[in-house]
Asks: 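I have a structure I would like to understand better, so I am pasting it below and will then ask my questions one at a time.
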Number of protein chains: 2
Amino acid sequence: MPDRDGPGLTMDQESRLTGQAGTSVRGDESRAAILQAAKALFSANGSRGTSLASIASAAGLSQPGLLHHFPSKSALLLAVLADRDREDGELSSARLTGDGLDILTALASLVEHNQGQPEIVRLFSVLLGESLSDAHPAHGQFAARYQGIRSRILRKLRRAQTQGQVREGVDLDALAPVIVAVMDGLQYQWLLDDSIDMVRSFQVFCDLLVRGLTT
Amino acid sequence: MPDRDGPGLTMDQESRLTGQAGTSVRGDESRAAILQAAKALFSANGSRGTSLASIASAAGLSQPGLLHHFPSKSALLLAVLADRDREDGELSSARLTGDGLDILTALASLVEHNQGQPEIVRLFSVLLGESLSDAHPAHGQFAARYQGIRSRILRKLRRAQTQGQVREGVDLDALAPVIVAVMDGLQYQWLLDDSIDMVRSFQVFCDLLVRGLTT
DNA sequence: GTCTATATGAGGATAGAC
DNA sequence: GTCTATCCTCATATAGAC
C-alpha cells in the first residue's frame, strides 16, 4: 500500500499533476529509482556485467517490474545515457562559456567538477569502453557525442585564432581531439589510481598548451 | 588424426623438442590458437561479452578442451594480457629509446604503429574499460601497468630537464599522466571514428608541448 | 590432450493474475 | 504498475571416456 498520496488521488489526478498522460507518480518514482540504480551498477560493473534483476532489486521492485518501464536492457542503457546528458550537460554548449581560449578555463572547471564525482565518471568511462564494440547499443550514441564535443571545441579554438590569441599555422582540427583525449585519458588513470590528480595535470597541460599556442 | 608430425614423434620426443616438459607440440598449437582467438573476440566484444565456447570454436576445439589449457576465463584473460605484453613491449623500456625529449619521437612512432593495428588497440581499450571495476580480474594488472608507464616517461622527462631541454618550474610529475592520457584518449576517439588521425593529432600535441616546455 | 555429456546456474524476456 | 511463474537460452565448470 503506497503511503505517499495522503489525500488519495486517483491515477487520473496524478497524471494531471505530473503533466505526463498515462503516467502515475508512483510510476515516475519507480522509473527514477531504476535509473539511479542502473547508473550505480553500470558504473561498478558495466552494462554487460550487470543483470536486470540486480538493478530491479536495488530499485525496490521485481525484474519484470523493471521491464514494464524499460522494454529491454538496451533501452535502459540508452535511457541512462540520455538521462545523464540531460542532468548536466557536461560538455554542452551551455557549459562552454567564454570566448576563445577561455574554453580551457571552462574545461578545467569541468575536470574539477568531475574529480568530485567518481561514480559518474566511471559510468561514462566503463560504457565508453563497451561502446567500442560495433554491436553495442550505445556505439552510435558515443560516436555522435564525441563528434559534437570536438566540433564545439574546434569552434572555440577557431575563434581564438581569429582574435589573435592563437598564432597562425597551428592545426586546430588536429588539436581538438587532443584536448578531449587528455580529459578522457586522465579519467582512466585516475579511476585506476587515486593518487592521480586530474585537476593538477590538466592545469599543467593547459599552461603548456597556451604557451605553445601563443609563442 | 594429426598431420603435422610426419615421422611420428612420440609425446616424449615432442616434449624434448619444445623444451617444455610435459607439453606436446599439439598442445602448444592449441594454446596459441586459443590465445589468438581470445584476442580477436575480446577485442570485438570485451571479455564479459565473449563466451569460452565461442573462443574454443574459433580455435578449433571444444569448450572443455579450452579449459584444459586455461583453468578459467579469468586465467585466459590474464594470459591474453601477459602474452600481448610479451610480444611487443608497447611502452616497455626497450621501446623508449633515445634520451630526454626524444621520448616524444619514440612515442609518436608508437602511435603510428598502433594506428596500423586497430584490433590490438581495441583489445586494450575495451579491457581497460572493463578493468575499472574493482572486481575485474585485470584491475590490478592495469593499475600496475599504468604506474610503470608513467614512471618510465617521468624518468625521461626529468633527464630532459637536467640536460636543459626543459625549462625549470614545469611540474613533470603532473605532465607524465597527460602524455599517457593523450595516447589513450586519441585511441578511443579513433576507434569510434575512423576519420580521426591519431598520428597527426599526436604530432601537433608534441609540437605544442615542446614549444611550451622550452619557451 | 581432447572429447561428449552433464550439472548447475544466471540472464533476458514473456504470460497472465492482481 | 507490479507481481509470480515460467520459458528459453547461454555460460561456466566438472566428470569421465578415449
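So that the names make sense, note that chain A is the first sequence line, chain B the second, and so on, each numbered from 1.
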Asks: Which residues in residues 35-48 of chain B have a heavy atom closer than 4.0 Å to any atom of DNA chain C?
Replies: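 Those residues whose heavy atoms fall under 4.0 Å from DNA chain C, taken from residues 35-48 of chain B, amount to none.
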
Asks: Determine the contact category for B/Ser54: base if any of its heavy atoms lies under 4.0 Å from a base atom, sugar-phosphate if only primed atoms, P, OP1 or OP2 are that close, otherwise nothing.
Replies: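 Nothing, no nucleic acid heavy atom in range.
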
Asks: Restricting to non-hydrogen atoms, name the atom on A/Ala79 and the atom on A/Phe70 that form the minimum distance, rounded to 0.1 Å.
Replies: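 Minimum heavy-atom contact is CB-CE2, 3.6 Å.
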
Asks: Check ring-ring contact (aromatic ring centres under 6.0 Å, His included) between A/Phe142 and all other residues, then give those that pass, not counting sequence neighbours.
Replies: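 ring-ring contact (aromatic ring centres under 6.0 Å, His included) check on A/Phe142 returns nothing, list empty.
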
Asks: Using heavy atoms and a sub-4.0 Å distance, could you list which residues of residues 55-80 of chain A are near DNA chain C? By number, please.
Replies: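 Listed by number, they are A/Gln63, A/Pro64, A/Leu67, A/Ser72, A/Lys73.
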
Asks: Output side-chain donor-acceptor pairs under 3.5 Å for residues 174-181 of chain A, partner residues at least two apart or in another chain, one line each.
Replies:
none

Asks: For the aromatic rings, using the six-membered ring if either is Trp, is the centroid distance between B/Tyr188 and A/Tyr188 under 6.0 Å?
Replies: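 Under 6.0 Å, so yes.
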
Asks: Could you tabulate the donor-acceptor pairs under 3.5 Å formed by side-chain atoms of residues 98-112 of chain B, not counting sequence neighbours?
Replies:
{"from": "B/Asp99", "atom 1": "OD1", "to": "B/Arg159", "atom 2": "NH1", "distance (Å)": "2.9"}
{"from": "B/Asp99", "atom 1": "OD2", "to": "B/Gln163", "atom 2": "NE2", "distance (Å)": "3.2"}
{"from": "B/Ser109", "atom 1": "OG", "to": "B/Ala106", "atom 2": "O", "distance (Å)": "2.9"}

Asks: List the atom of B/Leu77, the atom of B/Pro137, and the distance in Å for their closest heavy-atom pair.
Replies: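 Nearest pair, atom of B/Leu77 first, then B/Pro137: CD2-CG, 3.7 Å.
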
Asks: For B/Asp207, which residues count as a salt bridge (charged side-chain N to carboxylate O under 4.0 Å, His left out) partner, sequence neighbours excluded?
Replies: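 In terms of salt bridge (charged side-chain N to carboxylate O under 4.0 Å, His left out), with neighbours along the sequence ignored, B/Asp207 is linked to no residue.
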
Asks: Check whether any side-chain heavy atom of B/Ser133 lies under 4.5 Å from a side-chain heavy atom of B/Arg48, and answer yes or no.
Replies: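 Contact flag for B/Ser133/B/Arg48 side chains = yes.
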
